[in-house]
Amino acid sequence: MTQEEFKSLFGSIGDIESCKLVRDKITGQSLGYGFVNYVDPNDADKAINTLNGLKLQTKTIKVSYARPSSASIRDANLYVSSLPKTMNQKEMEQLFSQYGRIITSRILVDQVTGVSRGVGFIRFDKRIEAEEAIKGLNGQKPLGASEPITVKFANNPSQKTGQALLTHLYQTTARRYTGPLHHQTQRFSRFSPITIDSVTNLAGVSLTGPTSAGWCIFVYNLSPEADESVLWQLFGPFGAVTNVKVIRDFTTNKCKGFGFVTMTNYDEAAMAIASLNGYRLGDRVLQVSFKTSKQHKA
DNA sequence: TTCGATT
């Protein structure tokens with residue numbers, strides 16, 4: 001949404017004294033929120049009643065009174081992971097509400113199935129409240145959950161947009177350059193080959209299994225400098241890749257040595273694993289397998 | 001550093 005569209009939407013309610021759509025300083029992209037000052041205070045109520053909950057494209061907008069600008073409300077946004085898949089937004093809010101006033105919350109869901117990804121966000125009114133929630137809930141098991149949840153401050157959503165755009169570009173254009181599978185596999189030498197049978201056996205025992213998104217593959221022994229493009233390059237030739245992810249340390253932004261690749265078709269995923277497990281990348285020997293169920297820290 | 005997830 002542009003500043004002009006923002007002004008037009010809220011200007012339809014009444015005369016605006018001033019308004020601002022907040023945008024990324026570098027890219028100019030909307031950060032997804034803004035402020036409106038109406039000449040007539042009654043129009044503010046009217047805007048809330050009329051526009052709150054309005055669905056615009058993929059988003060449902062929230063319209064409410066702005067909180068007073070203050071340093072104490074900054075950095076009060078939390079990222080929560082390992083939530084039970086059965087926990088809904090209301091239940092998550094109930095869990096966190098003991099620590100303060102929740103401004104917004106969200107649980108991320110699989111785009112195809114609508115099932116929770118076990119990951120969400122909680123924005124508190126005050127940073128102190130968020131800090132207390134981390135102290136009280138990080139590493140704790142909710143109700144009858146089998147796994148402890150992780151609660152931490154959320155990343156800043158800015159500056160990622162450029163990389164996301166590049167990833168999208170790559171994803172939509174890379175495959176046209178790939179040839180038939182049996183021609184591509186010859187490009188990869190195998191340092192420590194495994195058999196197709198061992199992959200099949202593994203499939204019957206401990207792998208996570210296909211999700212709506214496909215088959216998830218665990219890749220270990222990536223270099224600290226590894227990025228998403230190397231995963232696209234390694235796995236793309238074997239077939240349809242829907243997603244790649246390099247896991248990085250948030251502080252250093254260096255790869256933590258592993259990543260994930262999601263492939264649509266089992267046969268292509270199995271062939272990629274058989275070919276790339278033991279593959280020498282630079283001075284490292286990759287370990288590649290189907291992702292197993294998450295191992296949690298004792 | 002051997003299984004994440006960042007609206």
Side-chain angles (χ1 to χ4, degrees), chain A residues 1 22 24 29-33 55-62 75-85 87 89 92-93 102-124 130 134 147-164 167 202 205-209 211-228 231 242-262 269 273 277-278 284-298:
Chain A
M1 170 175 271
V22 179
D24 183 275
Q29 290 289 304
S30 164
L31 292 183
Y33 67 98
K55 291 180 178 61
L56 290 178
Q57 297 167 14
T58 64
K59 306 279 191 180
T60 299
I61 66 171
K62 175 185 175 180
D75 304 315
N77 196 27
L78 296 180
Y79 174 75
V80 188
S81 58
S82 299
L83 288 165
K85 300 288 196 288
M87 180 178 280
Q89 183 183 3
M92 182 176 72
E93 286 204 3
I102 295 169
I103 301 302
T104 60
S105 73
R106 168 163 299 186
I107 288 180
L108 303 188
V109 298
D110 184 286
Q111 288 193 337
V112 177
T113 66
V115 173
S116 167
R117 294 165 63 194
V119 174
F121 292 89
I122 297 269
R123 181 181 293 279
F124 278 100
I134 291 175
E147 234 188 325
I149 62 173
T150 299
V151 184
K152 59 209 276 194
F153 283 107
N155 293 353
N156 278 327
S158 61
Q159 117 226 352
K160 271 209 58 184
T161 47
Q163 190 183 57
T167 298
L202 190 73
V205 182
S206 62
L207 61 77
T208 306
T211 66
S212 62
W215 297 82
C216 193
I217 297 167
F218 175 62
V219 185
Y220 178 68
N221 214 14
L222 297 170
S223 81
E225 286 71 37
D227 64 3
E228 272 73 10
L231 293 179
T242 58
N243 187 257
V244 302
K245 183 73 183 175
V246 168
I247 306 305
R248 295 181 172 86
D249 181 283
F250 178 59
T251 307
T252 66
N253 213 32
K254 297 288 189 184
C255 174
K256 291 164 85 169
F258 62 96
F260 297 93
V261 175
T262 303
I273 290 168
N277 185 43
R284 292 162 174 272
V285 177
L286 298 184
Q287 292 177 32
V288 183
S289 64
F290 283 109
K291 181 186 184 301
T292 63
S293 59
K294 178 178 177 178
Q295 74 168 34
H296 57 278
K297 47 249 167 186

Need one value for A:Phe218: base, sugar-phosphate or nothing, where a base atom within 4.0 Å counts as base even if backbone is also close, heavy atoms only.
base

Whole-Å distance separating the CG atom of A:Asp249 from the P atom of B:dT2:
13 Å

In whole angstrom, what separates A:Asn253's CG from B:dT6's C1'?
13 Å

In whole Å, what is the span from the CZ atom of A:Phe290 to the C1' atom of B:dG4?
18 Å

Gap between atoms CG and C1', on A:Asn155 and B:dT6 respectively (whole Å):
5 Å

With no hydrogens and no angle check, is any side-chain donor or acceptor of A:Gln89 less than 3.5 Å from a backbone partner on A:Ser105?
yes

Look at the rings of A:Phe258 and A:Phe260 and say which category their plane angle falls in: under 30° parallel, 30 to 60° tilted, over 60° perpendicular.
perpendicular

Could you tell me how far apart A:Leu108 (CG) and B:dA5 (P) are, to the nearest whole angstrom?
12 Å

How many whole angstroms separate atom CZ of A:Arg248 from atom P of B:dT1?
18 Å

Nearest to the side chain of A:Ala154, heavy atoms from C-beta on, is which of B:dC3, B:dG4, B:dT7?
B:dT7

Exam field: side chain A:Glu147 to backbone A:Leu83, donor-acceptor pair closer than 3.5 Å:
no

Of the candidate nucleotides B:dT2, B:dT6, B:dG4, which contains the atom at the shortest distance from the side chain of A:Phe260?
B:dG4

Under the rule for ring pair (Phe, Tyr, Trp, His ring centres under 6.0 Å), what residues qualify as partners of A:Tyr79, not counting sequence neighbours?
A:Phe121

So, is A:Arg117 close to the B:dG4 phosphate, meaning a side-chain N or O under 4.0 Å from OP1 or OP2?
no

Nearest whole Å is fine: how far is B:dG4 P from A:Ile149 CD1?
16 Å

B:dG4 pyrimidine/purine six-ring stacking with A:Phe258, under 5.5 Å and 30°
no

Mind checking A:Lys152 for me? I need base, sugar-phosphate or nothing, with any heavy atom below 4.0 Å counting as a touch.
base

Of the options B:dT1, B:dG4, B:dT7, whose atoms approach the side-chain atoms of A:Thr104 most closely?
B:dT7

Within-4.5 Å side-chain heavy-atom neighbours: A:Leu231 and A:Val219
yes

Spacing of A:Glu225 atom CD relative to B:dT1 atom C1', expressed in whole Å:
14 Å

Check every atom of B:dA5, B:dC3, B:dT7 against the side chain of A:Lys291 and return the nucleotide holding the closest atom.
B:dC3

What's the closest nucleotide to the A:Asn77 side chain, out of B:dA5, B:dT7, B:dT1?
B:dT7

